[in-house]
2 protein chains.
Amino acid sequence: MGKITILDVAQSAGVSVATVDRVLNRRNGVRKVTVERVESAIRQLNYQPDRLAARLARSRDYRFCFVLPTGNNVFMVTLGEEVRAAAERMAPERVVIDMRLTDVFDGHALAHTLDQIGDIYDGVAVVALDHPSVREAISGLTQRGVTVVTLVSDIPGSKRVHYAGIDNTAAGRTAASLMGKFLGSRQGEVGLIAGSLALRDHIERQFGFEQIMTHEYPHLSILPVREGRDDWQRVEEVTTQLMKEHPNLVGLYNAGGGTRGIITALEKAKRERDIVFIAHELTDHARKALIRGTVDAIINQDAGHEVRSAVRVLLAKADNGPLIEAQERIRIDIFLRDNLP
Amino acid sequence: MGKITILDVAQSAGVSVATVDRVLNRRNGVRKVTVERVESAIRQLNYQPDRLAARLARSRDYRFCFVLPTGNNVFMVTLGEEVRAAAERMAPERVVIDMRLTDVFDGHALAHTLDQIGDIYDGVAVVALDHPSVREAISGLTQRGVTVVTLVSDIPGSKRVHYAGIDNTAAGRTAASLMGKFLGSRQGEVGLIAGSLALRDHIERQFGFEQIMTHEYPHLSILPVREGRDDWQRVEEVTTQLMKEHPNLVGLYNAGGGTRGIITALEKAKRERDIVFIAHELTDHARKALIRGTVDAIINQDAGHEVRSAVRVLLAKADNGPLIEAQERIRIDIFLRDNLP
DNA sequence: CAATTCTTGATAGGCGTACATCAAAAATTG
DNA sequence: CAATTTTTGATGTACGCCTATCAAGAATTG
């Protein structure tokens, strides 16, 4: 039983290959009746177009654009590297991946960038600030036929077809559960530091964290959030101050960046064994501190996975190929010293 | 700058496309001098054969075989389902995936199966028992030009080109770290249950677990391993007995299957809040018990990921395509109630 | 040096689809 | 019913590589 080709479909439907092709590629100029006849033949024969041949024949490139935030946030830098790696890897397969940097905190700027790149690309992956004008820009792109995927940070109500990132509320809950379990019956205060409350993901993490802490571990009291602005020096100051103000501090959760600052502060104060510290993102500093024991657990999202997933989704939408649901689900990784990758 | 094709290489090397093709596909009948000339041209032009076109042109199918253990171990059943799913998914891309079941505990039987399937397949993925005759069979396959990948359970010294699975020693260490951190300053005994000591992975987990427990948590004493044979009813008995014999039992680690038995035993004895329980593999029972709180953490390997990875590796070896290292690294997942997928 | 073997070139057909073109047939309109 | 528009068929070229064949050239052998 050889492969079923477009020719078999044509014969079975009693039309020419040209017509089948017209139906397949949604070109107009085909009567509804004929379209239906062809489609039924496709279903009956279970015809599956050969994507390899299709991509070979359509010698056009697929063009995707990744829109990332400017700045030197460690995680975002990593993300950028992964995008570059993906670009290189996909090049021989006729997939061109560009990258643009924009100020994510400025909704209008981001929206403007998105508007600009409209017609050049088949798909866009964007680290999205949840802002009305950004939402609007995404709608615009979608209407112009550009597939949009959100990356790392989502805009739930928007027209994006997919979100390649983790559930940050769940991530916050995970942090809280770990904190509670690690602290056991110990009593005291738990400090919470976020990057900026302007970012959706940090707020969600904070929400999830507080939710679990208050419900399940009421013997621990959560201190008001402190903003560290993802800057490690500032985070260090905040941490030091926190320890001074609260001698009974037993736990720390950093929902944002600048983990390095907390590590430094804890070690300077020689409280690293004493205070349970949980943070996000497996950076070099975090990794080493995890091994030393200063950090007790890292909650991570795999940037490489996120980028590869976004690319796969964009590509699948572009030539309407299949998607493997499970493969595109980004996990909330928990890393201890012992299961580091 | 259009794509560099085989024609460009031919011209640059001053030979015909036929010769370039001979070199590329390692066909014989080409002088060393010429081979080198062509290869240098390839390098200079940075020629990358178009894998899409290649796979289209070679109308032969790629044939792979997955060799899994017989029996109704939950994890292995899941693995089998993933193989079936992969087979279906890859079919339209000219990849045929077969599956065979064998008694894994019998080295000779497994080796015999491997010997049999020699010439039909381009690649084999096998859940490998570490046994001399299996090792020998893998060597044989490799020599006959069949790519071999081990799956879930490895044979380190063998000729397999890749292992798609987790580091089980590290998994055991991870379990121990969690156990130690969850128990905090509590004192008492920790029970350890394995499926069978005939399986390499369980031994490794046990080793890793004991290693960390004795070194880092000396205030906890580990009880001698009990064999549960991956059978939940037997595991339940063992657990019940363990609790009776050791009234001061504070933790349980199940390195093998039959987690359901422990769940039942703990809940019957109303010790589920009291005893910290860590197990492997996110089965349905484990999942629900994790949510109820009977299970404190699950250490998991993603069967789907392992199968997909094995297929990617086999395919890459078959048409010497590139591999993404990071993508093929199977993670040791830690699941709490809050980061369930 | 002739006979043989080993290398290479030239060329053609095929893989399954995309895309374009032109003419023929069918449906729609006034 | 003629004129127009829409739909369809037939066909060819392209994508980049694989595979096979045959003849010619080069190197090796005795």
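In what follows, chains are A, B, ... by sequence order, proteins preceding strands, each numbered from 1.
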inquiry  = How many whole angstroms separate atom CZ of B/Arg55 from atom P of C/dT17?
reply    = 15 Å
message = Counting only heavy atoms and a strict 4.0 angstrom limit, can you tell me which residues of residues 39-50 of chain A come near DNA chain D?
response = none
query = Salt bridge or not for A/Arg160 and A/Asp154, using N-O below 4.0 Å?
reply = yes
Whole angstrom value for the distance that separates P of C/dG16 from CG of A/Leu24 = 15 Å
key: Atom pair distance, as rounded to whole Å: OH in B/Tyr62 and P in C/dC15   = 16 Å
task = Look at all strands and tell whether B/Ala18 reaches a base, only sugar-phosphate, or nothing, counting heavy atoms closer than 4.0 Å.
result = base
inquiry  = Nearest whole Å is fine: how far is C/dT17 C1' from A/Arg51 CZ?
reply    = 13 Å
Cut-off 3.5 Å, no hydrogens considered: what does the side-chain donor-acceptor table look like for residues 45-52 of chain A, sequence neighbours left out?
residue, atom, partner, partner atom, Å
A/Asp50, OD1, A/Leu52, N, 2.9
A/Asp50, OD1, A/Ala53, N, 3.1
A/Asp50, OD2, B/Arg94, NH1, 2.8
A/Asp50, OD2, B/Arg94, NH2, 2.8
A/Arg51, NH2, A/Asp319, OD1, 3.4
A/Arg51, NH2, A/Asp319, OD2, 3.2

Shorter than 3.5 Å, N or O on both sides, protein versus nucleotides 5-8 of chain C: list them out with atom names.
residue, atom, partner, partner atom, Å
C/dT7, O3', B/Arg31, NE, 3.4
C/dT8, OP1, B/Arg31, NE, 3.3
C/dT8, OP1, B/Thr34, OG1, 2.1
C/dT8, OP2, B/Arg31, N, 2.8

ask   = With a non-hydrogen cut-off below 4.0 angstrom, is B/Leu56 in contact with a base, only sugar-phosphate, or nothing?
value = base
key: A/Arg331/B/Asp333 ion pair, N-O < 4.0 Å   = yes
key: Side-chain ion pair, B/Asp130 and B/Arg135, N-O less than 4.0 Å   = yes
Length of the CD1-P vector between B/Ile6 and C/dT11, whole Å = 17 Å
Partner residues of B/Arg144 under the salt bridge (charged side-chain N to carboxylate O under 4.0 Å, His left out) criterion, sequence neighbours left out = B/Asp119
query = Does any pair with a residue in residues 11-38 of chain B pass salt bridge (Lys or Arg N to Asp or Glu O under 4.0 Å), and if so which ones, sequence neighbours excluded?
reply = B/Asp21-B/Arg27
inquiry  = Classify B/Arg60 by what it touches in the nucleic acid, base, sugar-phosphate, or nothing, heavy-atom distance under 4.0 Å.
reply    = nothing
key: B/Asp98/B/Arg84 ion pair, N-O < 4.0 Å   = no
request  = Give the first and the last nucleotide of DNA chain D, reading 5' to 3', that has any atom under 4.0 Å from a heavy atom of chain A.
outcome  = D/dT7 to D/dG16
